[in-house]
**Student:** 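Okay, handing you the structure first.
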Amino acid sequence: MPTVSSPSTISSLASITIPKVRCFDPANSSPAGFRHRRRSMNHDDCSPESSVSNGSVTVATDSPTPPPPPIADMKIVTGEAGYVLEDVPRLTDYLPDLPTYPNPLQDNPSYSVVKQYFVNMDDTVAQTIVVQKNSPRGTHFRRAGPRQKVYFESDEVHACIVTCGGLCPGLNTVIREIVCGLHHMYGVSKVLGIEGGYKGFYARNTITLTPKVVNDIHKRGGTILGTSRGGHSTSKIVDSIEDRGINQVYIIGGDGTQKGAAVIFEEIRRRGLKVAVIGIPKTIDNDIPVIDKSFGFDTAVEEAQRAINAAHVESESIENCIGVVKLMGRNSGFIAMYATLASRDVDCCLIPESPFYLEGPGGLFEYIEKKLKEDGHMVLVIAEGAGQELLSESMRTMHQADASGNKLLQDVGLWISQKIKDHFARTHKMAINLKYIDPTYMIRAVPSNASDNVYCTLLAHSAIHGAMAGYTGFTVGPVNGRHAYIPFYRINERQHKVVITDRMWARLLSSTNQPSFLDPKEVARKKIEETHEPETSHDQPEVATAEQNGVEHLPKI
């Protein structure tokens, strides 16, 4: 990823308030007055199946995983004291002559009591809020919210919504609030639901969405639109968007889905279409970076406690009983960690970020024996991605992936349960009972709780305001408690993970009294890696990372 100038250089450019690098070339934009029609193009170099030229990088139109954008495609604004704004694209970057209209919210009676209707155009949200007095101001993102001028008239808008990937609590709430928000705030009446994920665009599976249709769907789990993995064909999807006259696309899904959304945006920009592409990040694992947390996470933690409580009741009621609970978390152990902290009945929590071993002094088996001798029972929580390296010899699916590109995992819950049984049967130290609980799909299928319902409403409204204001190619989410518009490349560059050298993980170890399963050399190595990892792709090397500053970028429950 590119870097910006040193702090001293940025300070000397304090008066600069325009982008240091240009995001789009207006010379390549469509003619003035162009609204929403297929632009004429040379068939040899601009066919739908050809590659999209993107600065110095070529992105295949049917690839759902774009490489990081070159610096020429990033909108970077610098200011005083090391201020850096990572801005998001706007329709006027490639359609410079679009007309604007007064925001209809100013005449909406529901908002008549609001002191300030609109967000100031210069409002931004800081990524890091704990700094030292001499620290640069660091990375910021554009604040979400309604603007005074919009780029779509109400009767012009033809929006569509699609859900992709696995199920997550809150999907129906987001769908409902996009439909109702567009209708009640902006007077939009044409909203289409794309059924069955990305492939629904070209399979012609759609339903008309109205406030009446979606009125009660937030009380149900799952998604009324259906979902699927894979099915991403960029040219077919954009052809369908263009042929249907859709000009706002709301894409709800996880990191793989958002990568696909980024490619769709690039193809729409290449064709010069007046279409806003908005991502709403969805992952029950909470592994999307930058944002405070993903929707559905609070509900997942709350539901996970029910399984933990059941395991605790079982283990307490039977002599030498071990309750094993497997929770979601392919690469990030946030659900397991927060459910453990909230429950206080867990004796051991294993997550993908923290390696562990079974045999020998300080190993898991020794700790289990110790707990059974002391208490006569124990509860073990394990995230689905934990311990996968220990299964590597028997994993036939080690190099296989699902339709979304996720690596196929073995069932670590069943594996570790059998390993524990085999150990005690082999050593003859004591007879044990083991109860295994896997509530994964029960948790994914429940309706969202009150906290997530409110959060989903805010996400949907922020996305609507951004689309109406002409922003595109972005995802929305809270950054330090304030909703912001985040460029696609920032949430696609890495995954959000538990920092095992952070205070929150230390709180968990203190709560469970489990060993860390790490030797001092491993802890020192982890700290060195985190110290040398830059805070963001554009921040100065001198800026300390969030973990070094004591900032815990973890979900706020």
Side-chain angles (χ1 to χ4, degrees), residues 1-5 7 9-11 13-24 69 71 73-93 103 116-133 135-151 276 278-281 288-293 458-459 461-491 493 534-540 543-546 549 551 553 556:
M1 299 295 290
T3 57
V4 294
S5 307
T9 304
I10 292 180
S11 297
L13 300 174
S15 61
I16 296 180
T17 57
I18 59 174
K20 290 193 68 177
V21 295
R22 134 180 93 73
C23 179
F24 302 111
I71 191 168
D73 281 346
M74 297 180 184
K75 294 181 71 174
I76 309 299
V77 181
T78 60
E80 294 182 359
Y83 172 91
V84 178
L85 168 63
E86 294 191 30
D87 208 352
V88 296
R90 209 168 192 177
L91 292 172
T92 50
D93 291 331
N103 193 320
Q116 183 177 345
Y117 287 118
F118 306 113
V119 172
N120 190 299
M121 287 299 294
D122 295 327
D123 283 357
T124 58
V125 179
Q127 182 174 12
T128 302
I129 57 173
V130 178
V131 296
Q132 290 76 45
K133 64 179 181 180
S135 298
R137 291 175 63 189
T139 300
H140 292 66
F141 301 103
R142 188 166 293 281
R143 184 184 176 189
R147 268 58 180 179
Q148 278 188 311
K149 298 293 183 181
V150 296
Y151 285 82
I278 307 95
I280 299 176
I288 292 181
V290 181
I291 64 174
D292 296 342
K293 66 177 179 182
L458 297 178
L459 281 175
H461 287 189
S462 295
I464 292 167
H465 294 316
M468 295 298 295
Y471 294 109
T472 182
F474 70 91
T475 191
V476 64
V479 179
N480 294 317
R482 295 285 187 179
H483 282 246
Y485 299 140
I486 305 161
F488 277 137
Y489 65 83
R490 283 305 308 273
I491 65 165
E493 63 187 0
E535 179 195 9
T536 70
S537 57
H538 298 296
D539 281 345
Q540 300 78 9
V543 179
T545 65
N549 285 333
V551 182
H553 287 307
K556 302 168 185 176

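This is a predicted model, so every value here is computed, not measured.
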**Student:** Does Y485 reach the main-chain N or O of G466 with its side chain, forming a donor-acceptor pair under 3.5 Å?
**Tutor:**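 Checking the backbone N and O of G466 against the side chain of Y485, a donor-acceptor pair under 3.5 Å is found.
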**Student:** side-chain contact (heavy atoms from CB on, under 4.5 Å) with P146: which residues, sequence neighbours excluded?
**Tutor:**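 N103, L105, F118, V119, Y186, H465.
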**Student:** Which atoms form the tightest heavy-atom contact between A126 and N480, and what is the distance?
**Tutor:**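 Scanning both residues, the minimum pair turns out to be O-ND2, 2.7 Å.
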**Student:** Check this for me, if you would: do D123 and R482 make a salt bridge, where the nitrogen-to-carboxylate-oxygen distance has to be below 4.0 angstrom?
**Tutor:**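 Answer for the salt bridge query: no.
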**Student:** If you define the side chain from C-beta out and look only at heavy atoms, does anything of I486 sit under 4.5 Å from V479?
**Tutor:**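 Contact flag for I486/V479 side chains = yes.
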**Student:** Are the side chains of T139 and E86 in touch, meaning some heavy atoms are under 4.5 Å apart?
**Tutor:**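 Of all side-chain heavy-atom pairs linking E86 with T139, at least one is under 4.5 Å.
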**Student:** Could you give the distance from CG (L459) to CD1 (I278), rounded to the nearest 0.5 Å?
**Tutor:**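 Rounded to the nearest 0.5 Å, the CG-CD1 separation comes out at 13.0 Å.
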**Student:** Of the non-hydrogen atoms in H483 and V125, which two are nearest, and what is the gap between them?
**Tutor:**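 Answer, listing the atom of H483 first, then V125: O-CG2, 4.1 Å.
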**Student:** Taking atom CD1 of I288 and atom OG1 of T475, what is their separation to the nearest 0.5 Å?
**Tutor:**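 Those atoms lie 6.5 Å apart.
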**Student:** Looking at D87 and F141, would you say the former's side chain and the latter's main chain have a donor-acceptor pair under 3.5 Å?
**Tutor:**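 No.
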**Student:** Is there a side-chain contact between T472 and R90 in this structure, where contact means two heavy atoms from C-beta onward sitting under 4.5 Å apart?
**Tutor:**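 Counting from C-beta outward, T472 and R90 never come under 4.5 Å.
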**Student:** What are the two closest non-hydrogen atoms of P487 and V88, and how far apart are they?
**Tutor:**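 Scanning both residues completely, I find the closest heavy atoms to be N-CG1, 3.6 Å.
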**Student:** With the side chain counted from C-beta on, respond yes when Q127 and R490 share a heavy-atom pair under 4.5 Å apart, and no when they do not.
**Tutor:**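 Heavy-atom side-chain distance check passes, below 4.5 Å.
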**Student:** So, taking the atom named CD1 in I464 and the one named NE2 in H461, what distance separates them when rounded to the nearest 0.5 Å?
**Tutor:**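 The CD1 atom of I464 sits 5.5 Å away from the NE2 atom of H461.
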**Student:** Please name the pair of heavy atoms, one in G473 and one in P89, separated by the smallest distance, quoted to 0.1 Å.
**Tutor:**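 Scanning both residues, the minimum pair turns out to be O-CD, 3.7 Å.
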**Student:** How many angstroms lie between atom CZ of F474 and atom OH of Y489, to the nearest 0.5 angstrom?
**Tutor:**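 Answer for the CZ-OH pair, F474 versus Y489, is 14.5 Å.
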**Student:** At what distance, to the nearest 0.5 angstrom, does OH of Y83 lie from NE2 of H140?
**Tutor:**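 Going from OH on Y83 over to NE2 on H140, the span is 5.5 Å.
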**Student:** Report the C-alpha distance between V84 and I76 in whole Å, list the side-chain angles of each, state the deciding distance to 0.1 Å, and finish with yes or no for side chain to side chain contact (heavy atoms under 4.5 Å, CB included).
**Tutor:** CA-CA 7 Å; V84 178; I76 309 299; 3.9 Å; yes
**Student:** Can you tell me if S135 uses its side chain to pair, donor with acceptor, with the backbone of V131 under 3.5 Å?
**Tutor:**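 Pair absent, no side-chain N/O of S135 close to backbone of V131.
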**Student:** Taking only residues two or more places apart in sequence or in another chain, which ones pass salt bridge (charged side-chain N to carboxylate O under 4.0 Å, His left out) with R147?
**Tutor:**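 Listed in chain order: nothing, the list is empty.
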